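Each remark here refers to the structure printed beneath this line.
The sequence lines fix the lettering, A, B, ..., with proteins before strands; numbering per chain opens at 1. Note that the structure is a prediction, hence the values are computed from the model and not measured.
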Protein chains: 2
Amino acid sequence: MQEATRLFADQGYAGTSIQAIADAVGIRKPSLLYHFGSKDALRECVLDEMLARWNDVLPQVLVVATRERQFDAVMKVLCGFFVDRPERARLILRETLDRPEHMRARILQYVRPWVDVIASQIERAKADGLVRPDVDGEVYAFQVITMVVGSTAVRESLGQAPARGTTDSAAGPDDDRDRFVRELTRMARASLYTNGTAG
Amino acid sequence: MQEATRLFADQGYAGTSIQAIADAVGIRKPSLLYHFGSKDALRECVLDEMLARWNDVLPQVLVVATRERQFDAVMKVLCGFFVDRPERARLILRETLDRPEHMRARILQYVRPWVDVIASQIERAKADGLVRPDVDGEVYAFQVITMVVGSTAVRESLGQAPARGTTDSAAGPDDDRDRFVRELTRMARASLYTNGTAG
DNA sequence: CCTACCGATCGGTAGG
DNA sequence: CCTACCGATCGGTAGG
């Protein structure tokens with residue numbers, strides 16, 4: 001499963017042969033097919049597992065969401081899920097491009113709860129005058145998720161080439177990660193609240 | 001070329017056989033190979049043509065950039081390039097996932113001018129106190145481009161499923177397009193300027 | 001979990 | 001631009 005996830009994410013479904021997966025695991029091709037039935041069933045299995053882990057992470061944020069600083073908590077969980085395992089972002093992007101109609105249903109199922117949580121927060125905050133009145137909560141939430149997934153998927157691939165500019169000379173990978181997450185969060189927050197710096 | 005671009009964007013490079021491209025054009029497979037030499041050469045050709053059109057569009061924005069309202073002009077051209085032909089966004093995303101090291105060079109070559117233009121605008125505006133002081137121009141510009149490409153690539157595929165919410169009942173495709181571009185522009189602008197509504 | 005094998009399709013070439 | 005063909009690899013099956 002791990003190897004299949006990695007290979008599908010890195011080379012795509014059509015670009016990955018079941019022979020290659022079998023080689024990576026150290027068994028023969030028919031043995032792999034015995035376990036999963038077909039290549040397409042393996043694809044479903046890989047996607048299901050990733051979405052199941054996504055569901056593991058959902059309750060965390062709903063608990064935290066009862067406190068203040070909800071926004072930062074949601075962004076932290078959302079970013080963490082993909083940034084800590086970028087192959088998830090690449091896989092979800094590839095699947096969306098490969099089988100849009102198939103992914104639409106799953107995305108509705110799995111991101112809908114998030115969109116609802118975020119949208120309800122936005123409406124509440126809008127009533128308090130904290131959120132810009134022209135924000136469309138649903139489009140906004142969808143856009144933020146797309147931004148996180150998309151930029152995470154290409155970040156490692158591109159070695160964040162254009163992002164090393166004028167800052168201090170040497171920075172560790174952890175610094176890069178934090179800087180990346182912080183900027184994503186900053187953009188999402190600033191484009192939402194009337195006061196761009198407050199949660 | 002058109003058919004190859006469309007097929008590579010929709011089904012991916014590995015998922016598209018030269019036979020399928022030949023069928024779409026109405027010629028035989030060896031005839032196609034005669035023109036382009038190999039499948040990989042065709043891939044290069046398709047990518048080169050798209051990047052060449054990107055370069056056609058660059059001067060436009062540099063001319064407009066001498067006037068006021070630079071930001072909106074840059075966003076309009078950037079969004080238009082991808083939103084009007086979403087297969088460009090899908091192709092560039094697939095190529096980045098398929099051959100990251102190969103794309104890094106091209107992206108540095110083709111998006112560097114944009115990043116520089118935007119970054120210089122940001123530094124000027126920062127000095128005037130118009131831009132938030134904590135904005136990292138390079139990371140920001142990279143993030144905006146990623147957001148535009150990523151969300152455009154998946155927008156059509158997903159039929160913007162979660163984005164039909166509470167607005168008026170029936171809206172034409174043009175309305176959707178404008179709403180999409182407007183929200184992208186709004187987010188990019190609001191996360192940059194101290195006053196989120198001014199150019 | 002294996003060996004042995006299947007038809008279909010892959011990218012590409014020979015030759016005209 | 002075609003017909004005819006190449007070896008290699010594809011996903012998958014038979015049978016143990």
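At D:dT9, none of the side-chain N or O atoms of A:Ser17 fall inside 4.0 Å of OP1 or OP2 (strictly under the cut-off).
Evaluation of the side-chain contact (heavy atoms from CB on, under 4.5 Å) rule for A:Glu49 yields A:Met1, A:Arg53 as partners, not counting sequence neighbours. With sequence neighbours excluded, no residue forms a salt bridge (charged side-chain N to carboxylate O under 4.0 Å, His left out) with B:Asp178. Applying the salt bridge (charged side-chain N to carboxylate O under 4.0 Å, His left out) test to A:Asp48 and every residue at least two apart in sequence or in another chain returns A:Arg106. Listed by chain and residue number, A:Glu3 satisfy the salt bridge (charged side-chain N to carboxylate O under 4.0 Å, His left out) test with A:Arg6 (two or more places apart in sequence, or in another chain). Partners of A:Ser17 according to the side-chain contact (heavy atoms from CB on, under 4.5 Å) rule, which considers only residues two or more places apart in sequence or in another chain, are A:Gln19, A:Ala20. Partners of B:Phe36 by ring-ring contact (aromatic ring centres under 6.0 Å, His included), not counting sequence neighbours: none found. Every residue was checked against the ring-ring contact (aromatic ring centres under 6.0 Å, His included) condition with A:Tyr140, not counting sequence neighbours, and none meets it. Looking at residues two or more places apart in sequence or on another chain, you find a salt bridge (charged side-chain N to carboxylate O under 4.0 Å, His left out) between A:Arg85 and A:Glu87.
For the salt bridge (Lys or Arg N to Asp or Glu O under 4.0 Å) condition, no pair includes a residue of residues 19-36 of chain A, sequence neighbours left out.
Out of C:dG11, C:dA14, D:dA14, the shortest distance to the side chain of B:Pro30 is found at C:dA14. You'll find that the side chain of B:Ile27 is closest to D:dC1, out of D:dA4, C:dG11, D:dC1.
What separates CZ of A:Arg28 from C1' of D:dC10 is a distance of 18 Å, to the nearest Å. Atoms CD1 (A:Ile18) and C1' (D:dT13) sit 11 Å apart, rounded to a whole Å.
The stretch residues 33-48 of chain A touches DNA chain D through A:Leu33, A:Ser38, A:Lys39, each having a heavy atom under 4.0 angstrom from the strand.
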Distances under 3.5 Å between nitrogen or oxygen atoms of protein and nucleotides 5-8 of chain D:
none

Problem set entry | Secondary structure string for DNA chain D (Watson-Crick or G-U under 3.5 angstrom, | for other-strand pairs) | ||||||||||||||||
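Side chain of A:Ser151 to backbone of B:Thr146: no donor-acceptor contact under 3.5 angstrom is found.
In summary, of the residues considered (B:Thr152, B:Thr5, B:Asp10), a side-chain hydrogen bond (donor to acceptor under 3.5 Å, both in side chains) with B:Arg90 occurs for B:Asp10 alone.
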